[in-house]
Structures are given as structure tokens and as C-alpha cells.
Amino acid sequence: MNRHFHTIRHAFGLAVHLGFLRESPMQRVKDLRPGEGKPPRYFSVREMREILWACVVRDEGFYRTILFLCSTGARISELKEISWNHVHLDRGFVRLPTRKTKGKIVWRTVPLSKTLSWTLRRAKSRGEAIADTRDARRRLQRILALLKVPHATIHSCRHTFASHLVSRGVSLYIVGKLLGHSNPQTTQVYSHLTPSSLEVVSLLPY
């Protein structure tokens with residue numbers, strides 16, 4: 001949200017500079033501090049089970065997409081970039097790309113839950129892709145509408161992963177590492193859910 005504020009503030013500042021406005025309406029709008037604003041939208045255990053079941057019935061490839069995102073905290077863009085070479089089933093983890101400034105990519109290691117590991121092993125044995133990410137945002141919206149689940153986005157899967165771990169006692173530090181946060185303050189958005197090791201994903205309820 002602060003990045004959006006900066007963009008809008010710059011646009012209005014330019015409008016003032018060019019003479020289109022007398023003053024910027026963003027002058028009195030301050031950046032949000034960590035923890036302020038609306039809590040992130042994440043799926044409850046019941047919603048997750050309903051969504052995953054609907055995905056299984058409609059499309060197993062898309063089921064793997066949603067399960068992967070909710071079980072690793074990966075961004076949809078990160079899932080699109082990896083291949084089977086990044087999934088180490090025997091060792092129980094996946095390597096995900098965390099983009100940094102100047103185009104540099106740092107890879108982070110995220111453990112695989114038992115359900116995700118079994119699902120990926122089955123897909124690989126069949127010669128299938130890790131997941132089907134085509135038009136993922138729209139496909140999820142169709143499923144949410146079918147189930148009458150309140151508004152959410154594909155990014156809610158990432159929030160679901162983090163929120164359920166934090167609510168079950170996993171430290172914000174560990175969750176931040178799994179999410180690839182470079183700034184610990186970024187993870188503070190989940191601090192209201194607070195009640196270690198790479199095996200913490202076993203605490204996920206799905």
C-alpha cells in the first residue's frame with residue numbers, strides 16, 4: 001500500500017509541477033506503519049477444504065496449484081518459474097526464487113508438507129507438470145463464486161500459509177524466512193495471530 005501511495009504522491013506532485021493543480025491532495029496522506037491497515041485475507045480451514053475439494057473435482061492440475069501455494073507460501077509468479085529440478089522430493093523441500101533489486105535472484109528453501117509431497121510425487125510419476133498455473137486468478141475466482149466464499153485473491157493463498165502457521169505458534173521470524181521477506185517488519189502484518197524448524201509446515205491443517 002505504501003508503494004501505491006508513493007506512486008500516487010509522485011503523480012500528483014508532477015501535476016502540481018506542470019501547473020495542472022495548485023497543491024497535491026496527497027500532502028497530508030502519511031505512509032502506513034507495519035501492522036496498520038486491514039488484516040490480510042486468508043482462507044479458514046473450512047474454506048481451504050472446500051476449495052481444495054472443488055479443485056480436485058474440476059481440475060487436478062489446478063488443485064496442485066492451490067495446494068502448492070497454500071502449503072509453501074509461494075507467490076504465483078514464483079511457482080511459474082520453477083521446474084521439477086527445483087523440487088527435491090527425496091529430501092523434502094522445494095527451492096523458490098526470491099527476486100531482489102537489480103535483477104538478482106536469491107533462492108530460498110521451503111519444506112514440503114506430507115500432503116503436497118505425496119501429491120507432487122504422484123504427478124511426477126505420471127509425467128505431469130508441477131501445477132497448472134494458466135489463468136490461475138480467474139479460475140480461482142470461478143471456484144470462489146461457486147462455493148460462495150467471500151472475496152479473496154490468488155495472493156490469499158500466500159496469506160493462508162503464513163496465517164495458519166503463525167496462529168499455531170510458529171515464530172514470525174521463521175514464517176518471514178519461509179516467505180522470503182528481506183525485511184522482518186513485513187511479516188508483522190501477521191503479528192495479531194501470534195499465540196523451530198523447517199518441519200513447521202506439518203502444523204498446517206490441510
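Looking at Ser156, its side chain never comes within 3.5 Å of a backbone N or O of Ala152 through a donor-acceptor pair. In this structure, the side chain of Thr186 does not engage the main chain of His181 through any donor-acceptor pair within 3.5 Å. Between the side chain of Thr133 and the main chain of Ala136, no donor-acceptor pair closer than 3.5 Å is present.
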- request: Give the C-alpha distance, both sets of side-chain angles, the deciding distance and a yes or no for side chain to side chain contact (heavy atoms under 4.5 Å, CB included) between His159 and Tyr190.
  value: CA-CA 9 Å; His159 291 317; Tyr190 306 106; 2.6 Å; yes
message: What verdict does the side chain to side chain contact (heavy atoms under 4.5 Å, CB included) test give for Leu165 and Leu178, after you've listed the backbone C-alpha separation in whole Å, the side-chain angles of each residue and the deciding distance to 0.1 Å?
response: CA-CA 11 Å; Leu165 290 180; Leu178 294 175; 4.2 Å; yes
message: One pair to check against side chain to side chain contact (heavy atoms under 4.5 Å, CB included): Cys70 and Phe161. What are the steps and the verdict?
response: CA-CA 5 Å; Cys70 290; Phe161 170 81; 5.5 Å; no
- prompt: Would Leu179 and Val175 count as a side chain to side chain contact (heavy atoms under 4.5 Å, CB included) if you check the C-alpha gap in whole Å, the side-chain angles of each, and the deciding distance to 0.1 Å?
  reply: CA-CA 6 Å; Leu179 292 175; Val175 172; 3.9 Å; yes
- request: Kindly determine whether Lys148 and Glu50 satisfy salt bridge (Lys or Arg N to Asp or Glu O under 4.0 Å), including the steps that lead there.
  value: CA-CA 10 Å; Lys148 298 182 179 179; Glu50 291 178 346; over 6 Å; no
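Distance check, rounded to the nearest 0.5 Å: CD1 of Ile143 to CD of Gln141 gives 10.0 Å. Between the OG atom in Ser44 and the CD1 atom in Ile51 there is a gap of 8.0 Å [rounded to 0.5 Å]. Rounded to the nearest 0.5 Å, atoms NE2 (His88) and OG1 (Thr109) are 7.5 Å apart. Distance check: Asn2 CG to Arg9 CZ gives 8.0 Å after rounding to the nearest 0.5 Å. In this structure, SG on Cys157 lies 5.0 Å from CZ on Phe43, to the nearest 0.5 angstrom. Taking CZ of Arg64 as the reference point, atom CG of Leu79 lies at 10.5 Å (rounded to 0.5 Å).
Hydrophobic clustering places Leu21 together with Val29 (ILVMFWY residues linked when any side-chain heavy atoms are closer than 4.5 Å, directly or through intermediates). The cluster map of Ile, Leu, Val, Met, Phe, Trp and Tyr, joined by side-chain heavy atoms under 4.5 Å apart, puts Ile8 and Leu18 in different clusters. Linking Ile, Leu, Val, Met, Phe, Trp and Tyr residues whenever their side-chain heavy atoms come within less than 4.5 Å places Val56 and Met48 in a single cluster. At a threshold of 4.5 Å between side-chain heavy atoms, the hydrophobic network of Ile, Leu, Val, Met, Phe, Trp and Tyr places Ile130 and Phe93 in two separate groups. One hydrophobic cluster, built from ILVMFWY side chains closer than 4.5 Å, cannot hold both Phe20 and Met26; they sit in different ones.
Applying the ring pair (Phe, Tyr, Trp, His ring centres under 6.0 Å) rule to His10 yields no partners; only residues at least two apart in sequence or on another chain are considered. Remark: His6 engages no residue in a ring pair (Phe, Tyr, Trp, His ring centres under 6.0 Å) (not counting sequence neighbours).
Here the shortest heavy-atom pairing between Ser117 and Leu112 reads CB-CB, 4.2 Å. Heavy atoms only, all atoms of each residue included: Phe62 and Cys55 are closest at CD2-SG, 3.9 Å. Of all non-hydrogen atoms in Arg41 and Pro150, the two that sit nearest each other are NH2-O, 3.2 Å. Minimum heavy-atom separation, Val16 to Ser24: CG2-N, 3.6 Å. Nearest approach of Leu67 to Thr119, heavy atoms of both residues: CD2-OG1, 3.6 Å. A pairwise comparison of heavy atoms in Gly73 and Arg158 identifies O-NH1, 2.6 Å as the closest pair.
Counting heavy atoms from C-beta outward, Pro97 and Ile82 have side chains that approach closer than 4.5 Å. By the 4.5 Å heavy-atom criterion applied to side chains, Ile76 and Arg137 are counted as neighbours. Residues Arg58 and Leu146 are in side-chain contact: their nearest non-hydrogen atoms beyond the backbone lie under 4.5 Å apart. Residues Leu52 and Tyr63 have side chains in contact (heavy-atom distance under 4.5 Å, counting atoms from C-beta outward). Taking the side chain as every heavy atom from C-beta outward, Arg139 and Asp132 approach each other to under 4.5 Å. Under the 4.5 Å side-chain criterion, counting only non-hydrogen atoms from C-beta, Phe68 is in contact with Val94.
Ion pairing of Asp59 with Arg134 is absent here, as no side-chain N (NZ or NE/NH1/NH2) approaches a carboxylate O to less than 4.0 Å. Between Arg95 and Glu78 no salt bridge is recorded (no basic side-chain N to carboxylate O distance below 4.0 Å). Salt-bridge formation is detected for the pair Arg122/Glu60: a Lys NZ or Arg NE/NH1/NH2 atom is positioned less than 4.0 Å from an Asp or Glu carboxylate oxygen. Salt bridge status for Arg3 with Asp31: absent, with no side-chain N to carboxylate O gap under 4.0 Å.
Around NZ of Lys177, the count of heavy atoms belonging to other residues, nucleotides or ligands within 6.0 Å does not exceed 12. Counted within 6.0 Å of CH2 on Trp53, heavy atoms from surrounding residues, nucleotides or ligands total 12 or fewer; the atom is thus considered open. Atom CZ of Phe5 has more than 12 heavy atoms from other residues, nucleotides or ligands within 6.0 Å.
Between His164 and Tyr42, the ring planes are perpendicular. Angles over 60° get that label, and only those under 30° would be called parallel.
Side-chain N/O atoms of Thr98 and Arg108 include a donor and acceptor closer than 3.5 Å.
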